[in-house]
Undergrad: 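Encoded as structure tokens, here's the structure I'll be asking about.
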Amino acid sequence: MTLIDNAVYVDGVRVPDPHTLDETYSLMHERGGMAWIGLYRPDAGEIHSIETEFGLHHLAVEDALTGHQRAKLERYGDTLFVVLRPARYLDAEERVEFGEVHVFIGPSFVVTVRHAEKPDLGAVRHRLEGNPELLKLGPEAVLYAIVDEVVDEYGPVVAGLQNDIDEIEKQLFGGDPDVSRRIYDLIGEVMDFQRAAHPLAAMLEALLRGAEKYHVDLEVQRGLRDVLDHALSLAGHADAFRATLQNALTVHSTLTTQQQNDEMRRISEANLTLAEDTRKLAEASIAQGDQVKKISSWAAIIFAPSLIAGIYGMNFDYMPELHWVFGYPMAIGGMVVLAGALYTVFRRNHWL
Amino acid sequence: MTLIDNAVYVDGVRVPDPHTLDETYSLMHERGGMAWIGLYRPDAGEIHSIETEFGLHHLAVEDALTGHQRAKLERYGDTLFVVLRPARYLDAEERVEFGEVHVFIGPSFVVTVRHAEKPDLGAVRHRLEGNPELLKLGPEAVLYAIVDEVVDEYGPVVAGLQNDIDEIEKQLFGGDPDVSRRIYDLIGEVMDFQRAAHPLAAMLEALLRGAEKYHVDLEVQRGLRDVLDHALSLAGHADAFRATLQNALTVHSTLTTQQQNDEMRRISEANLTLAEDTRKLAEASIAQGDQVKKISSWAAIIFAPSLIAGIYGMNFDYMPELHWVFGYPMAIGGMVVLAGALYTVFRRNHWL
Amino acid sequence: MTLIDNAVYVDGVRVPDPHTLDETYSLMHERGGMAWIGLYRPDAGEIHSIETEFGLHHLAVEDALTGHQRAKLERYGDTLFVVLRPARYLDAEERVEFGEVHVFIGPSFVVTVRHAEKPDLGAVRHRLEGNPELLKLGPEAVLYAIVDEVVDEYGPVVAGLQNDIDEIEKQLFGGDPDVSRRIYDLIGEVMDFQRAAHPLAAMLEALLRGAEKYHVDLEVQRGLRDVLDHALSLAGHADAFRATLQNALTVHSTLTTQQQNDEMRRISEANLTLAEDTRKLAEASIAQGDQVKKISSWAAIIFAPSLIAGIYGMNFDYMPELHWVFGYPMAIGGMVVLAGALYTVFRRNHWL
Amino acid sequence: MTLIDNAVYVDGVRVPDPHTLDETYSLMHERGGMAWIGLYRPDAGEIHSIETEFGLHHLAVEDALTGHQRAKLERYGDTLFVVLRPARYLDAEERVEFGEVHVFIGPSFVVTVRHAEKPDLGAVRHRLEGNPELLKLGPEAVLYAIVDEVVDEYGPVVAGLQNDIDEIEKQLFGGDPDVSRRIYDLIGEVMDFQRAAHPLAAMLEALLRGAEKYHVDLEVQRGLRDVLDHALSLAGHADAFRATLQNALTVHSTLTTQQQNDEMRRISEANLTLAEDTRKLAEASIAQGDQVKKISSWAAIIFAPSLIAGIYGMNFDYMPELHWVFGYPMAIGGMVVLAGALYTVFRRNHWL
Amino acid sequence: MTLIDNAVYVDGVRVPDPHTLDETYSLMHERGGMAWIGLYRPDAGEIHSIETEFGLHHLAVEDALTGHQRAKLERYGDTLFVVLRPARYLDAEERVEFGEVHVFIGPSFVVTVRHAEKPDLGAVRHRLEGNPELLKLGPEAVLYAIVDEVVDEYGPVVAGLQNDIDEIEKQLFGGDPDVSRRIYDLIGEVMDFQRAAHPLAAMLEALLRGAEKYHVDLEVQRGLRDVLDHALSLAGHADAFRATLQNALTVHSTLTTQQQNDEMRRISEANLTLAEDTRKLAEASIAQGDQVKKISSWAAIIFAPSLIAGIYGMNFDYMPELHWVFGYPMAIGGMVVLAGALYTVFRRNHWL
Ligand SMILES: [Mg+2]
Ligand SMILES: [Mg+2]
Ligand SMILES: [Mg+2]
Ligand SMILES: [Mg+2]
Ligand SMILES: [Mg+2]
Ligand SMILES: [Mg+2]
Ligand SMILES: [Mg+2]
Ligand SMILES: [Mg+2]
Ligand SMILES: [Mg+2]
Ligand SMILES: [Mg+2]
Ligand SMILES: [Mg+2]
Ligand SMILES: [Mg+2]
Ligand SMILES: [Mg+2]
Ligand SMILES: [Mg+2]
Ligand SMILES: [Mg+2]
Ligand SMILES: [Mg+2]
Ligand SMILES: [Mg+2]
Ligand SMILES: [Mg+2]
Ligand SMILES: [Mg+2]
Ligand SMILES: [Mg+2]
Ligand SMILES: [Mg+2]
Ligand SMILES: [Mg+2]
Ligand SMILES: [Mg+2]
Ligand SMILES: [Mg+2]
Ligand SMILES: [Mg+2]
Ligand SMILES: [Mg+2]
Ligand SMILES: [Mg+2]
Ligand SMILES: [Mg+2]
Ligand SMILES: [Mg+2]
Ligand SMILES: [Mg+2]
Ligand SMILES: [Mg+2]
């Protein structure tokens, strides 16, 4: 059953509850009171009796059944059709969840059609029943009380968004690279909230502009103006959130480049060390090459005479030089000449 | 033949179809009914009889023949000329395709000129013929039904765009580098859609502002307001899409820089490894150079005495030292002195 | 001579051309017709007779002589002063070139002052002379025809800009780094065009707002509304071009960073190869160093005994060890001990 | 006690101070004067007597007790409820601190409710008591004086922000990488200030628009216009600060990339040096390799004949070659042939 | 003395100059003329006599003494108080310097208070004295002439800004990295100019709106409209400059990244060369290592037999092998076996 509550109020006081809608209608007519019927996701059949009794316009009823409407206000003769978009903040998902409530305001009736858990219309009814002076002002006072509840419920949404923005700022300047996704997603939520809050404020302004013409009670007007003031304040916060998050996106881009600079500085340091080490290595290698040349040269200079010594150390019987008187000095001389010749050649080739 | 449908309605009910346009005109006059003539891409000749009969203004007819108009509303005396821009979403190409339909509304006639497949005016006519109460309200009721159809057809366009934006967000945070082209192109489509939806809403607002003055039936006014509400809601979505896609562009730029940071970190790691390996190489090379020097030095120290031994191992007959009593110790001493001298030299040169 | 054309029209028909401006004035008065005088860049002297005859205001004349005005509309008594900014697109230079035309509209005269080749006022006059019904409506019909021509000439400008934007998009996604200059310059041109098209539309709106008050003929009003519609459409395109080009600038920045990522990936690959090759080099170098140590060690182990053999191969007469019975085994033993000692030392130093 | 000051003024002159609020009320009625009651953070109980006496509206009182309101202006019958947001700049923290003051203006009373140290209402009262001509104009003159004080106190805020922006510009172009956080935070503060200054100006404009209707004294109107002028001037500065800081954010991003370019140029230089050194190293290494081959080859060519010499230096009794007449030339020939063969082989292998 | 000029005009003609302000007042009253008093930075004392004589409002006088006002227009009874912000362009510093001039316009007087060198009020007075027809129209004609001068002086400012923007574009696309500071600073100047030009245009619009109500002469109205037109044109230029410079900032950021790409390409080339050289070096080094192994191996193979030859070349008396018949072949065999064994070992270790 989608009928949540169903009451008649006379002079702001609830009379004993009717058992059926038809009883409501007759009670309302007999006692000259105001009916307030609360529905939850009704279907076309369920709303039909109400539509007929109160002469609701079929386009408004269609909207109320279909849902997915913007916050808006439409007059059909002396009936007012209002769409409200309550919201709550799901902090774990960082998502603004929107509900939808439709309100029909006639000269002597209020019909509320709720599509989500929010707003808490039971609480609104309860508060109003505790304030007969206000309730006596009729259906528009009920509208005021509902809109007030919807806007009051926007408060925690704004607080939740502010809180997440504060966290984001910490993340942002703490160097977390994943913050861009969070910022991007939160901008989406803030934009959704802006698209709810601004039309609501515009709707309240339209309602207040028409208040004189439609003889809305002065106290109800003042109440609506108070709600409008609250809505404008919250919308102003949302606008600021949007701008702040856009800046956070820009700053994040710069900080990302700065992290790059740090990384690049590390590379730069490594490259300078590398270049220095490579230079040392090249120098060592070239010096080593020089030494290899020097050593080999000296080895040749020393070794070549050894060959002469080896030759004259051979034991052949017939080696005439061995018997020459000047054989020995000649051999030593040969050694010196050979070493000198090599030394000269190596000097010329810059091996020494 | 561009004449799609041609009917006369009396009190909201279709009378037996006339065979020619001339029959339509006389039927309309005799029975006091409303003519509804539907054309598809007519040329100047084909529209001439209608233009004359209904006194259509030549500038409006020129627009209807030329096409490429913005959504707009123009009054010529008691004739209303309306241009509508129907749209459909070609999901495969991610493109919004726009059509164009022109509607002439006179006191007792409706002429529709269609330039594309959309909107489905046959369906509109069919629905209206099933609702004589509405049709009875005359030509402006037909206009309302057509505009309603056009705006209803915008719904899938918005849904298609939303769907592609969701895909883009997955691509974006999944690191696909080609997403910027998709974002850029989709912004173009969203902009095209905005340029269709906003003038349509403005046109409906203008129509409603003039409704009292031009005695538009109250129910038609309410219908138009309902359509306007729908159009504003869709235009609001398009505006949000635009902002979201612009942010996606910004975020993509940041994410691209972040990918660069990752790449840079890889380079940085490689460079540090490289620098470390080069340092090791340089150390090894320098150590190796030292060893080469040491080895060569010791080789020289050992080899030089060998030369003396080689010399005194020669077999010359006349080698006086061989016969000296202290020849042998002298040779050994010479070897030690030579080795010691080399050792001293090498120590001084830091080769040892 | 700056007088381009000079005619009097009676009931929409051109009467035989006067020879001088004075003839024009008297003809106009005698026949009760409308004078249309066309000037090209006149100087103060040349405009003086017209200024006096028609009572043109000196501030308007000053504007017409000086040029460099915005599109605007000013009333001086029953004279209207209109400044128009015709444009054409120089595709080779990708530049929008603006002209300027001033129009004075009095109860029975039109004076046009042209400062550039565009708009083609000769063609306008020719078309109007072929349409006496329109021309009969008087000076404001001439104004309408001129403004229509100016706005029609904006069409090719928009087409040319669209064409260049299409080319730019190809360049952009084709990776051309020079596209930013082209985008930047084209934004400048689009801005110039916006600054011409928007004031023109505003001027037409002002003209239409005052149309009732100043008794502008209904058909002329409709014509002006048609031109306004065209101007708004073109201005809408220009606005979209601007937004598109701004996005192209943003996308270009992202694509440039992406090119950087590709380049960085190339560096990254090169660096990894380099690091791998350096590691191999270091390993080879270190292994080589080890071998050098081993080889040198073994060379020393083998060579040291050679020195002993060399010593005992010397031929001194007095070498007591040679005559010892155990000289030979002792020498071999000495060799083995020397080699073993070296081996032990090298092992300890980890050279072996 | 939250009652800060409590006085009655007759013809602009303060009469002897009443001791209690009740005395104030009677004094006010007897003497036909104006009461001015100043409160500091009252609670509901404390404000109750005032609420009753002056008929303050409960919604306004609720706002005054709760705080956290936007600057606003509400009329409740002949009472005006004004919320003001004074501000001061905490330079050390670079933060704009906002206070809140609520003012109730009735025909013969002023009630001020202050929630922060600012604005200095004591000073306002003191200045006004020194200007009885102004004070005589009644409660709205007091409102003017308070708003004037609030706006005057905005002056140092704007000056402080300007000063920090100047510092930021120095930091920005001095290359400080931390400036982005400072810019980001200061934008937040400027936005807060904009959200205070713009509503205040709007409120003053609303007040002035209603001035004729509500018979506000002409001099008070002029004073309010003067304050409005000041407020607009300050709001204009804040708007410019916002735009300037946004540009600073953009410029900072570019400068960060430029620093990267510099770093990259350093890397580039290091890499070129490195490549050059590596090339030298490679050349030296290859040249060294060639020399090692050459040296080894020559060593083999020289050493191989030594082996033959060694063999024929052995002292075996039975070595037939030693006794051959051509043994010696044969050995020398063998040496030459061996060396020649090795030379040929090495040449072929390109070791020489 | 701050009194710059002090004259009385009767029917647009200057009468003999009064010597004191008191003479001016009486002259003005006697002759029914208009006084025009020009002051330069007066102090409170100096302005007092004028304030009293003409009944200037103290708030306006306060503004005129304090300065630092926005361009604005305030009516005090039949006196008009106008603040104007003249400007000139200091091209060397690329700075727009603003002056301030205050004008009091009464039924028969003009008081000008100048705070800077600009505007050249002497020239204005001189031109007006040459045009008695205009001057005869009274104080508002003087106001028109002054505003005209102020706006005419804005022309060179716009030209100077345009010129610097042209230079900046050259710098930008010429690759100058310092252009961002110049752009940033010039945006600041353009913003300052916008904040002067837009309020001035708004002020002129307000003046023209009130022109009928306050009986401003038609010719003066036309003159003011001409000035407004000029002001709007200049403000339009300034707005375009702002947008152009913002784009230049964006383009600069992209070009900076492009320069980075070029630098990166240089690094990339260097790295590829480096990697190639390192690969060559590694190959050379490894090849060299192989050769070292080969050479050492062959050295060992040749050297080891030498040791045997050395041993049997020793001259010990008691070496039994020397006397064996097969001693010599055995030694040669030992050499061959030793060399063969080493060869086998080295092959197995892949040193050969
Ligand atoms: Mg509330
Ligand atoms: Mg949270
Ligand atoms: Mg989202
Ligand atoms: Mg959401
Ligand atoms: Mg409140
Ligand atoms: Mg409340
Ligand atoms: Mg619909
Ligand atoms: Mg799709
Ligand atoms: Mg596109
Ligand atoms: Mg498209
Ligand atoms: Mg609906
Ligand atoms: Mg519907
Ligand atoms: Mg980068
Ligand atoms: Mg046209
Ligand atoms: Mg082209
Ligand atoms: Mg340009
Ligand atoms: Mg241009
Ligand atoms: Mg048209
Ligand atoms: Mg046309
Ligand atoms: Mg002040
Ligand atoms: Mg500071
Ligand atoms: Mg903050
Ligand atoms: Mg703050
Ligand atoms: Mg002031
Ligand atoms: Mg003041
Ligand atoms: Mg001027
Ligand atoms: Mg310059
Ligand atoms: Mg600056
Ligand atoms: Mg400045
Ligand atoms: Mg002018
Ligand atoms: Mg002028």
Side-chain angles (χ1 to χ4, degrees), chain A residues 57 59 63 69-70 72 74 76 177 180-181 183-184 187-188 191-192 195 246 249-250 252-253 256-257 259-260 263-264 266-267 270-271 273-274 277-278 280-281 284-285 287-288 291-292 295 298-299 302-303 305-306 309-310 312-315 319 321-328 331-332 335, chain B residues 169 172-173 218-219 222-223 225-226 229 232-233 236-237 239-240 243-244 247-248 250-251 253-255 257-258 260-261 264-265 267-268 271-272 274-275 278-279 281-283 285-286 288-289 292-293 295-297 299-300 303-304 306-307 309-320 351:
Chain A
H57 196 274
L59 286 169
D63 283 353
Q69 302 295 317
R70 299 177 314 130
K72 66 171 177 178
E74 287 173 351
Y76 291 93
S180 53
R181 167 148 226 180
I183 297 171
Y184 176 85
I187 289 178
M191 274 165 59
D192 287 349
R195 285 200 295 146
Q246 296 284 9
L249 224 47
T250 305
H252 183 43
S253 165
T256 303
T257 304
Q259 284 174 10
Q260 212 171 70
E263 205 59 56
M264 207 162 262
R266 273 181 67 199
I267 295 178
N271 272 28
T273 306
L274 181 61
D277 283 348
T278 304
K280 273 190 207 152
L281 178 58
S285 212
Q288 193 177 332
Q291 289 165 6
V292 165
I295 293 162
W298 281 115
I302 296 170
F303 196 80
S306 272
Y312 290 109
M314 290 192 296
N315 297 323
M319 289 180 72
E321 301 95 320
L322 296 179
H323 310 298
W324 297 353
V325 172
F326 295 102
Y328 175 42
I332 295 294
M335 286 177 194
Chain B
E169 290 181 354
L172 177 66
F173 293 108
L218 185 62
E219 278 313 299
R222 287 171 175 172
R225 190 176 61 182
D226 184 62
D229 178 52
L232 285 176
S233 169
H237 277 98
D239 296 350
T244 297
N247 280 336
T250 305
V251 167
S253 163
T254 304
L255 293 180
T257 304
Q258 261 173 25
Q260 210 171 73
N261 283 6
M264 208 163 260
R265 227 161 275 133
I267 295 178
S268 194
N271 272 28
L272 287 175
L274 180 63
T278 305
R279 198 186 49 73
L281 179 59
E283 281 174 3
S285 211
I286 286 165
Q288 193 177 332
V292 164
K293 280 184 287 185
I295 292 162
S296 325
S297 301
F303 196 80
S306 272
L307 182 61
I311 287 165
Y312 292 110
M314 292 191 296
N315 297 324
F316 288 99
D317 292 354
Y318 306 97
M319 290 178 72
W351 285 33

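Being a predicted model, the structure only gives us computed values, none of them experimental. Lettering follows sequence order; numbering is per chain, from 1.
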Undergrad: Between A:W324 and chain B, with a heavy-atom cut-off of 4.5 Å, which part of the residue counts as in contact: side chain, backbone, both or neither?
TA: backbone
Undergrad: What part of A:E321 lies closer than 4.5 angstrom to a heavy atom of chain B: side chain, backbone, both or neither?
TA: both
Undergrad: Which atoms form the tightest heavy-atom contact between B:L255 and A:S180, and what is the distance?
TA: CD2-OG, 3.6 Å
Undergrad: Can you name the nearest heavy-atom pair linking A:M191 to B:A243, along with the distance?
TA: CE-CB, 3.6 Å
Undergrad: Please name the pair of heavy atoms, one in B:F316 and one in A:G327, separated by the smallest distance, quoted to 0.1 Å.
TA: CE2-C, 3.3 Å
Undergrad: Do you know which of B:Q258, B:R225, B:R265 has the most heavy-atom pairs with chain A at a distance under 4.5 angstrom?
TA: B:R225
Undergrad: Check whether any side-chain N or O of B:D317 sits under 3.5 Å from a backbone N or O of A:V325 as a donor-acceptor pair, and report yes or no.
TA: no
Undergrad: Show the numbers, then the answer: is there a side chain to side chain contact (heavy atoms under 4.5 Å, CB included) between B:Q260 and A:T257?
TA: CA-CA 9 Å; B:Q260 210 171 73; A:T257 304; over 6 Å; no
Undergrad: Report yes if the side chains of B:L272 and A:R266 come closer than 4.5 Å at any heavy-atom pair, otherwise no.
TA: yes
Undergrad: Would you confirm whether B:N315, through its side chain, and A:L322, through its main-chain N or O, come within 3.5 Å as a donor-acceptor pair?
TA: no
Undergrad: Quick one: closest heavy-atom pair of B:A275 and A:D277, and the distance?
TA: O-OD2, 4.1 Å
Undergrad: With sequence neighbours excluded, tell me which residues meet salt bridge (Lys or Arg N to Asp or Glu O under 4.0 Å) with A:R195.
TA: A:D192
Undergrad: Counting only non-hydrogen atoms closer than 4.5 Å, does A:F326 touch chain B with its backbone (N, CA, C, O), its side chain (CB onward), both, or neither?
TA: neither
Undergrad: What are the two closest non-hydrogen atoms of A:L59 and B:R222, and how far apart are they?
TA: CD1-O, 3.5 Å
Undergrad: Taking every heavy-atom pair that is under 4.5 Å apart, which of A:K280, A:H252, A:M319 has the most such pairs with chain B?
TA: A:H252
Undergrad: Given a strict heavy-atom distance threshold of 4.5 Å, which part of B:A248 is in contact with chain A: side chain, backbone, both, or neither?
TA: both
Undergrad: Does any backbone or side-chain atom of A:L249 lie under 4.5 Å from a heavy atom of chain B? Answer side chain, backbone, both or neither.
TA: both
Undergrad: Can you tell which part of B:T250 gets under 4.5 Å to a heavy atom of chain A, answering side chain, backbone, both or neither?
TA: side chain
Undergrad: Where on A:I332 is there a heavy atom nearer than 4.5 Å to chain B: the side chain, the backbone, both, or neither?
TA: side chain
Undergrad: So what's closer than 4.5 Å to chain B heavy atoms on A:M335: side chain, backbone, both or neither?
TA: side chain
Undergrad: Rounded to the nearest 0.5 Å, how far apart are CG of B:D226 and NE2 of A:H57?
TA: 9.0 Å
Undergrad: I want to check something: taking the side chain as every heavy atom from C-beta on, are B:N261 and A:P177 in contact at a cut-off of under 4.5 Å?
TA: no
Undergrad: Between A:Y312 and B:I311, is there a side-chain heavy-atom distance shorter than 4.5 Å?
TA: no
Undergrad: Quick check on B:E219 against chain A: is it the side chain, the backbone, both or neither that has a heavy atom closer than 4.5 Å?
TA: side chain
Undergrad: Over all heavy atoms of both residues, which pair between B:E169 and A:Y184 is shortest? Give the atoms and the distance, please.
TA: OE2-OH, 2.7 Å
Undergrad: Is there a side-chain contact between B:L232 and A:K72 in this structure, where contact means two heavy atoms from C-beta onward sitting under 4.5 Å apart?
TA: no
